[in-house]
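Working notes for the structure below.
Numbers here are sequence positions counted from 1.
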Amino acid sequence: MHHSTMATPAHSGLGIASFIISLAAGFTLLILFGVAGVLESQHGGLDEESAAAIVLGLVMVIAVLAQLLALGLGIAGMVQTERNKLFGVLGTVFSTTGLLGCLLLLLFGALIEV
């Protein structure tokens with residue numbers, strides 16, 4: 001009895017990078033929105049010209065750019081031939097979810113200000 005075993009393709013390095021970056025950037029965004037919410041809820045709110053607000057904004061821009069990078073790497077990982085696409089798909093889904101969540105929170109915040 002001869003069993004034919006097909007070797008499973010190796011995971012895509014681009015997909016793995018996408019997955020890790022999307023998770024790190026997503027957790028960073030969650031922490032940033034939590035910190036910003038706490039600072040805004042304190043007496044007097046968060047001054048938009050304070051050092052804390054500038055640092056939060058800068059780190060948020062970096063996290064969003066990292067999510068965009070993860071999205072690109074995830075798509076690249078999904079189109080690689082002869083590679084396992086699991087991490088490419090996960091990285092793409094997580095980065096898209098993070099970007100959409102960030103966009104929705106920013107739009108919600110803009111509507112609340114009016």
Answer with yes or no whether the hydrophobic clustering places [X] together with [Y]; edges join I, L, V, M, F, W, Y residues whose side-chain heavy atoms lie under 4.5 Å apart.
X: V64; Y: L69; result: no
X: F33; Y: V61; result: yes
X: L107; Y: L99; result: no
X: L106; Y: L65; result: yes
X: L105; Y: L56; result: yes

* To do: For the residue pair P9 and E82, establish whether any side-chain heavy-atom pair is separated by less than 4.5 Å.
  =>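 Heavy-atom side-chain distance check fails, nothing below 4.5 Å.
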* **Straight-line distance of E40 CD to D47 CG, nearest 0.5 Å** =>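 If we round to the nearest 0.5 Å, E40:CD and D47:CG are 10.0 Å apart.
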* Asked: Atom CG in L104, atom CG in L100: separation rounded to 0.5 Å?
  ->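 CG of L100 is found 6.5 Å from CG of L104.
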Write down the atom of [X], the atom of [Y], and the distance for their closest heavy-atom approach.
X: M78; Y: K85; value: O-CE, 3.1 Å
X: A52; Y: L39; value: CB-CD1, 4.4 Å
X: V59; Y: T28; value: CG1-CG2, 3.9 Å
X: S18; Y: G91; value: OG-CA, 3.2 Å
X: C102; Y: M60; value: SG-SD, 4.2 Å

* For I54 and E48, run side chain to side chain contact (heavy atoms under 4.5 Å, CB included): C-alpha distance rounded to whole Å, both residues' side-chain angles, the deciding distance at 0.1 Å, then the answer. => CA-CA 7 Å; I54 293 170; E48 293 178 5; over 6 Å; no
* Listed partners of S12 passing side chain to side chain donor-acceptor pair (under 3.5 Å), at least two apart -> Q80
* **Given L14, I20, L73, I16, the one that forms side-chain contact (heavy atoms from CB on, under 4.5 Å) with F87** => I16
* Verify, without hydrogens or angle tests, whether T96 (side chain) and V93 (backbone) share a donor-acceptor contact under 3.5 angstrom. => no
* Asked: Listed by chain and number, what are the side chain to side chain contact (heavy atoms under 4.5 Å, CB included) partners of V79, not counting sequence neighbours?
  ->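 For V79 there are no side chain to side chain contact (heavy atoms under 4.5 Å, CB included) partners, ignoring immediate neighbours.
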